[in-house]
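What follows is a single structure, written as structure tokens, with notes after it.
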There are 2 protein chains.
Amino acid sequence: MPPSLTSAIATPRPRRLVVAGTEGCATCAICEVRANGICSALNDPELERLAQVAVKVVIPPGQIFIEEGARADEFFNVTSGTVKLFKSLPDGRRQITGFVSVGHFLGLAVSKTYAFGAEAIDQVRLCRFSRTRLDPVINEIPRLERRLLSEAANELVAAQEQMLLLGRKTARERVASFLQELLEKEYGDSPAPGAWISFPMTRADIADYLGLTVETVSRTLSGLRREGLITVRNGHEISIITPSRLHAIARGEG
Amino acid sequence: MPPSLTSAIATPRPRRLVVAGTEGCATCAICEVRANGICSALNDPELERLAQVAVKVVIPPGQIFIEEGARADEFFNVTSGTVKLFKSLPDGRRQITGFVSVGHFLGLAVSKTYAFGAEAIDQVRLCRFSRTRLDPVINEIPRLERRLLSEAANELVAAQEQMLLLGRKTARERVASFLQELLEKEYGDSPAPGAWISFPMTRADIADYLGLTVETVSRTLSGLRREGLITVRNGHEISIITPSRLHAIARGEG
DNA sequence: TTCATGCAATGATTCATATCAAGCGATATC
DNA sequence: GATATCGCTTGATATGAATCATTGCATGAA
């Protein structure tokens, strides 16, 4: 009955939050991701202000650093690596609501607790902000709030697209949409046919993201491969031979 | 292959946007929904400022007033009635991403176009704002922006919950979740067992919201009725006999 | 080397939900 | 007053994806 139970159990539940490494960060101004994320909205003095409340942390692969339902008293800004966001049912079924990487921030919460969990897929670097210390900074810098709003609006659009996928698309269309999304993340809207795209998530992650089982994801990828639409290398690198065909499938016109 | 094609075709595609009625609104201060929506964040002079850019409109049932992909140059604030938001596939499959009623605002868009459509279910009253005229007002009133951000965060949480539903819940769990949601909208978290809740959406709407077919929604409701968990009256009123049982089912513990 | 473990692919079978079909009341149309 | 049409329900059947089962291939440990 529960579709993703197996994948949820097969995956070893990573241990509880232990911050693996922290480094002081007095110099957001020279941060390697300054052009991304919330920081891109700020000038030097504002960054200086932000730096005072930021701590850099490193999260090893597989570690959950936001626990569903935990007190939401921290904000994060991803500076490298890939994070999966998820929601779970009591029996272990899991839905991944998004994969986020450099530039994205995490922790926007309505209530006092996080409505979702977050787990590092590969090694992840984050900027961590205490909420109580970040709030006054946000109040001081309207552009920062503007930036958060636009980020939230973006995520909302992505979420609506994903609802369409989960509610109405076939397995084939879902997998095609996922690959399409990878392609867009890498190259924007310029297709670049034949280029290799590598992705860190496992088949189980993809399944939990697309509302399918591991087997269906695997079979569907094999199918697309057999049809000559894609090539797969080492399991975690794909090359999209015919982006336009894939795009058509993703929209249900395949 | 396309699950909701039938329901999409069965539903007569409502005609294009024609604003049915407009009334000037110089008096947001005495607006009946002042306590709700974006207005609740404002004091009298601020409301006065807002009123200058607002127009009240009335939308008849079935009319689409936001067209997917259309230029996004208006904001709306729902003052009465119920609206369904949706996304569609080229072949007509449709996913309803949410039902919104009094207090909600619509039109937060990332790009220059709306990523979703909006259709009135019953008669809907809206406050309409031209985006170009609203933007400066938002800049002037930080609290307004704060309010928009919190609203967006709320919607994001709801969207994640819905992704979990669409990706991982069974038909029974989906319908139970929907009823649960109706109950919460009406009574917050105090169950009020036995009270009648009326809802305006059709079975087809519910199906398109839950990623099911009309038939499955109907059968599932009948099942819950037969089991004595709910009572249905006139098709659009339900009474939840055992809220806790329903809640358990919705979370997959039924 | 051998063994265990995790991840992916694939085949056989089952099952939940879609599809197809029919009927029923309410409301609207001619 | 006959006849559509719409929204909903229910039954019979089909099917796409889940489930169950096996295998292969890495990688890491003993």
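Predicted model, so just to flag it, every value in this text is computed and none were measured. Letters go in sequence order (proteins before strands), and every chain restarts at 1.
Using cut-offs of 30° and 60° for the angle between ring planes, the B:Phe199 and B:His236 rings count as tilted.
In this entry the distance linking CD of A:Glu215 with C1' of C:dA9 reads 10 Å, nearest Å. Taking atom NE2 on A:His236 and atom P on D:dC25, their separation rounds to 17 Å, with Å as the unit. The distance between atom CG of B:Leu212 and atom C1' of D:dG16, rounded to the nearest whole Å, is 15 Å. Across the protein-nucleic acid pair, A:Met201 atom CE and C:dC7 atom P stand 15 Å apart, rounded to whole Å. Atom P of nucleotide D:dC8 and atom CD1 of B:Ile238 are separated by 14 Å, given to the nearest angstrom. Distance A:Arg93 CZ to D:dT19 C1': 15 Å, rounded to the nearest Å. Rounding to whole angstrom units, CD1 of residue A:Ile121 and C1' of C:dC7 are separated by 15 Å. Protein atom CG of A:Asp208 is 13 Å distant from nucleotide atom P of C:dC7, rounded to whole Å.
Contact annotation: the side chain of B:Phe86 never approaches that of B:Thr97 to less than 4.5 Å [non-hydrogen atoms, C-beta and beyond].
There is a side-chain donor-acceptor pair under 3.5 Å between A:Glu68 and A:Ser88. Between the side chains of A:Glu151 and A:Asn154, no donor-acceptor pair is found at a separation under 3.5 Å.
Taking the six-membered ring where the residue is Trp, the centroids of A:Phe99 and A:Tyr209 are separated by under 6.0 Å.
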Just do the salt bridge (charged side-chain N to carboxylate O under 4.0 Å, His left out) check on B:Glu237 and B:Arg233 with the steps written out, would you?
CA-CA 5 Å; B:Glu237 286 175 279; B:Arg233 192 164 77 178; 3.1 Å; yes

Would A:Glu253 and A:Arg245 count as a salt bridge (charged side-chain N to carboxylate O under 4.0 Å, His left out) if you check the C-alpha gap in whole Å, the side-chain angles of each, and the deciding distance to 0.1 Å?
CA-CA 9 Å; A:Glu253 305 176 312; A:Arg245 282 278 295 115; over 6 Å; no

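The B:Arg203 side chain lies nearest to D:dC8 when the options are C:dA9, D:dA18, D:dC8. Side-chain atoms of B:Thr170 lie closest to C:dT17 of the nucleotides D:dA17, D:dA18, C:dT17.
The shortest distance between the side-chain N/O atoms of B:Thr216 and the OP1/OP2 oxygens of C:dA18 is below 4.0 Å.
Between the CE atom of B:Met201 and the OG1 atom of B:Thr82 there is a distance of 6.0 Å, given to the nearest 0.5 Å.
Of the residues B:Leu210, B:Asp208, B:Leu166, B:Leu85, the one that meets the side-chain contact (heavy atoms from CB on, under 4.5 Å) test with B:Gln95 is B:Leu166.
Within residues 218-234 of chain A, the residues approached by DNA chain C to less than 4.0 Å at the level of any non-hydrogen atom are A:Ser218, A:Arg219, A:Ser222, in residue-number order.
For DNA chain C, if you chain together Watson-Crick or G-U pairs that step i with j, i+1 with j-1 and so on, the runs of at least three with distances under 3.5 Å are C:1-30 with D:1-30.
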